[in-house]
Amino acid sequence: MAGLLSTKLRRPEIPLRRVERARLVECLDKGLQAGHQLSLVSAPAGFGKTTCVCEWASGLGQRAAWLSLDPADDEPGRFLTYLIAALRQVDEGLGAEIEGVLRAGLVPPVEVVSTSLINDMLDLNRRCVLVLDDFHLIQNPYIVRLLETLVTNLPPALHLVLLTREDPALPLARLRANDRLTEIRAADLRLSREEMGAFLNEVMDLGLPDGDIQALAERTEGWVVGLKLAALAMQGPAAGQGPAAVRKQRSNFIANLSGSHRFILSYLTEEVVNQQPEDVRQFLLQTAILERLNGDLCDAVTGRQDSRAVLEQLYHANLFLIPLDDEQRWYRYHHLFADLLRSRLSALQREKTAELHQRASQWHTRACAEYPAEQAELAGEAVRHALAAEDYPAAVRLIEAHVMDMLNRWYVKPVSGWMRALPPEWSARSPRTNLAFARMHLINGDFPLAGPYLERMRSMFAAAQAGEDGAQITPALRAEWLALQSTLAGAQGETEQALMLAQQALAEAPEQDDHTMSQVYMALAAAHQSLDQHQSAEEAYRRLIGAGRAAGNLISEALGLSALALMLIQRGRLREGFAAAKEGAERLERSGVLPPMCAGIYGELGVVHAHWNQLDLAEQYLERAAQVSALGGSDAAVYFAIFRSRLRLMRGDPDGAAREIQKAADILRMDKAAVVREEAAAQQVQVALARNDPAAAELVLTGLMGGGWLLELAARERIGYPQGVLYISALRVLLHRARTRSYARGDGDGLQRAVEQAGRLLERLAERQYVPLMLETLLVRGQLHAAKGDARASLEDFSAAVDLAEPEGYISLFIMEGQPVADALALLLKRSQPGSARAEFIQSVLNAFSAAPAGQPEQKLPDRLYETLTGREVEVLRLMAEGQTYEEIAGVLVVSINTVRTHVKAVYGKLGVNNRTAAIEAARRGGLL
Amino acid sequence: MNTYLIELRGQVDVEELNEIIPHQMSPVRMGPGSTLVTICTDQAGMIGLLRHLHSLGFELILACLQTGSLTQLNEKGEK
């Protein structure tokens, strides 16, 4: 992936002069060979964790991947981006699907990521290792939960190694108990007496007697960095002294060494630094402010011209400089060493520190242009140094210039931190940052979080208008702000307001600014559509597609194509809708970007294929839509269950259709706000009638519409698509009553009322151009006429349906109505001119009738051997089936929510499912509930 | 490795907690107001565990190095 700091993905160099830790390498080897899932190296700073694991990993060659974490990685999107990049080091195929979603700017739910990665890892044909260094910097609950899931379910092919200063919040006790964990702790990392002797005398060539080594062992307690510093301090110049004097000096030095580790560290660092020539001392102090160092940057900060040579010299002198790449272009200091140098710099040269930070900021700003692949990281450093120098104008300029790119690369936490670090009067001069945060929250559906940022911008605009010294307000900025306001208003149901704001945005937006225009047209199209202004919405979507394409904004373009396709399909323009959706799908597949919010494109292709009775293709696209949607954690499970139920019914499998629609009903019981409630109800009615259960159908309608579900359409009542499907469902129930002669005594004119109701419905639907619903209504009314004995009116309706369906090729709607419609079509065919388009169409529908399965045998469920659920697990499952939340279940069982989660995980695992609905269904099938 | 005493407010299901935490806790006493456990780990383990218990919402009453026999502890966990 572009824009990643390659040095984070590179295993650090093993120090030139070090103690070889053969016993620790052997311990890690044993764990790997024993099939342990996790190796944990947990100890405070300075115990040699990284060096030890580097030594081990160097023997593994290409099989080992490395990721050095930093505080900015404690952000799910950024962590995942780097995690996948690291995994790609061992196998190119790992994480491709998740990468597609990340590139679309979204973070999938933990379960989706873990399932996807684990499935990818199952294809690995050799054992690989992934090392995460400095894992203690990760505290984000999403990331910890992801690691927990991965660690618990890692396939044998991948071995995870965590280096950390504190034990992570993972179920280590369970791994330990099950012998799936290798541990190296502080006590293991302390140098043994023999290792110390080898380091001091063989590596550092100090020639210390045993007594001195023993004394040093007691003072440092085997602490690696303490010992290394002591060795460096003792290696210092001993001008004009003989060997005996040097030995005595060293013995005295060791004898005088005392105190805590921190004290020893501070003291020894002073000693080591003081031994360096003055110019090197200055170099160390001045460059301590840098997270990463290279020759050019150090020259800029120190004013020298030989920094590259100095760095090499320091590296060879083992002065805690760690190379970050193979070319030794970049280095960093050991964290402890850098901390102490910074403290020293702060104490000695406080006034000069600001100037050093300013130079560093300027260098990083220039480097953004020179190294575009690392622009986000370099810009981040530029901002950090500008803030440290209190150069707020520079900081604001940098943030404004790079904020969008940074947020797109998941720099959310650092950018938030910068905004908080800026004094209020300066953060008020950063409208683009506020805009970027508002957009980020809107994209993520966090509408309440977006509001304050948009309001802050209103104040900025007001200040600018009043002529106060403030941020630079451009027409494009105002237009984008208005567009976001429109989106927020629309999300809050204020549709008129949303349209007004979008129109204002259009008036302000510079026409040549494709990026801004795409944002504006997105808001405008959505506003028109919410007000059922379909022609205007269609025009806006077409302009959105053009502007998005011109701006290189694939997501805007794809969203436009998806929304346009849906509008066209709902209005009976199947072929045009299909073409738009197909174009969108092809653009996405070619780009490798997988935005879950564009899953609708695949759903629309599925819908069209279903209308054309191409059921295999419909199913294929439906599953693709479900898969892409799930990557974003979208709650579209109801929609997919409805669609699957329809396909099952089309395939002549009413029982399969019933199972699918039951899933939708289960979800709807818990999710009161589902937007496809009416469609789910309509499908429940269809399925119930197909299974000859009109009582169940009537119960569904009563539940949704109340006792008087045969509502009379008012003359001027305007109905939407969802209401339309409900009215058709009511007509179907009346038709069923008529066919089974189950009208109540004295209700002889019920059929007539139904026919009249259908007529009114048809008018309303025609006003809105809801062609598929018009078709269904004509077909149902035609059958109502037939039930009344009015064959002529019946045939007229079927003929009108053919006229409506033929141009776009609707077939399955006819097949769903069954034999009565087939008989009518056969009659119409006889009356049609042979060879005409109408005749050919009718023939194709009749051919499809012949090919339709009479009733497929119920799908055999896969044999599943369920592990026995514990009593507690069955209890949890029962409560889940009753629709109780985790919190409610915890209350009933008097346990913590985390305990409930643990039980739920175990239930899913034993039933072989990954969601609540599937678990309940599996339990019912297995007789567990 | 050291043995530490940790006391958490309320009645804690130690067995269930051990499933999700880094180190096994051994229950010493569970009273109506608090639960006392011991745990054998080092400093890195202790810091990680305390942070995790905090994030799980447990209220820490006591955390100290265990010296001496547990039977010498009175009800308040003091010697």
Side-chain angles (χ1 to χ4, degrees), chain A residues 38 40-47 49 135-136 138-141 144-145 147-149 151-152 162-178 181 183-190 221 223 261 870 872 876 887 890 893-903 905-906, chain B residues 1-68 70 77:
Chain A
L38 174 68
L40 179 73
V41 183
S42 179
F47 273 78
K49 301 184 290 293
F135 192 73
H136 55 274
I138 302 299
Q139 300 292 336
N140 182 283
V144 174
R145 212 154 48 87
L147 264 291
E148 183 186 340
T149 312
V151 162
T152 312
L162 300 181
L163 280 65
T164 177
R165 293 184 192 175
E166 62 184 69
D167 283 16
L170 299 176
L172 302 177
R174 186 155 28 108
L175 291 172
R176 204 178 281 120
N178 294 334
L181 173 69
E183 270 183 294
I184 293 178
R185 307 198 68 89
D188 306 307
L189 286 161
R190 290 182 197 282
E221 297 175 319
W223 188 36
H261 279 188
T870 64
R872 180 52 64 93
V876 167
E887 200 176 326
L893 300 179
V894 193
V895 294
S896 70
I897 292 176
N898 278 312
T899 300
V900 172
R901 284 201 187 103
T902 304
H903 286 311
K905 257 191 266 186
Chain B
M1 295 292 237
N2 298 309
T3 300
Y4 293 93
L5 281 170
I6 295 177
E7 190 167 10
L8 303 172
R9 192 173 298 286
Q11 293 190 319
V12 177
D13 188 334
V14 175
E15 194 184 317
E16 292 204 349
L17 195 55
N18 279 339
E19 286 292 309
I20 56 172
I21 55 174
H23 293 274
Q24 293 271 355
M25 299 201 291
S26 302
V28 174
R29 181 192 69 236
M30 187 189 294
S34 70
T35 304
L36 184 67
V37 299
T38 59
I39 181 154
C40 182
T41 185
D42 56 15
Q43 181 163 303
M46 191 60 172
I47 292 172
L49 175 65
L50 290 180
R51 195 191 295 276
H52 196 194
L53 290 172
H54 174 69
S55 72
L56 290 174
F58 289 101
E59 189 179 335
L60 192 68
I61 301 173
L62 172 81
C64 66
L65 193 64
Q66 184 201 324
T67 54
L70 283 173

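Values below: all heavy atoms of this structure, side chains included; hydrogens, waters and symmetry mates excluded. Letters go in sequence order (proteins before strands), and every chain restarts at 1.
- Applying the salt bridge (Lys or Arg N to Asp or Glu O under 4.0 Å) test to every pair with at least one member in residues 53-66 of chain B, sequence neighbours left out, gives these pairs: B:Arg9-B:Glu59.
- Neither the backbone nor the side chain of B:Met46 comes within less than 4.5 Å of any heavy atom in chain A.
- Put simply, the side chain of B:Leu8 reaches to within 4.5 Å of the side chain of B:Leu60, judged on heavy atoms.
- The main-chain N or O of B:Glu19 is found under 3.5 Å from a side-chain atom of A:Arg174 such that the two form a donor-acceptor pair.
- Each of A:Pro171, A:Ala187, A:Pro141, A:Ala186 has some count of heavy-atom pairs under 4.5 Å with chain B, and the biggest count is that of A:Pro171.
- Looking at B:Asp13, neither its backbone nor its side chain comes within 4.5 Å of chain A, counting heavy atoms on both sides.
- Highest contact tally toward chain A, considering only B:Gln43, B:His52, B:Met25, B:His23, is held by B:His23 [criterion: heavy-atom pairs under 4.5 Å].
- Residue with the most contacts toward chain A among B:Gln24, B:Met1, B:Arg51: B:Arg51 (heavy-atom pairs, distance under 4.5 Å).
- Looking at B:Leu49 and B:Thr41, their side chains never come closer than 4.5 Å, going by heavy atoms from C-beta outward.
- By the side-chain contact (heavy atoms from CB on, under 4.5 Å) test, A:Ala45 pairs with A:Arg165, A:Leu336, sequence neighbours left out.
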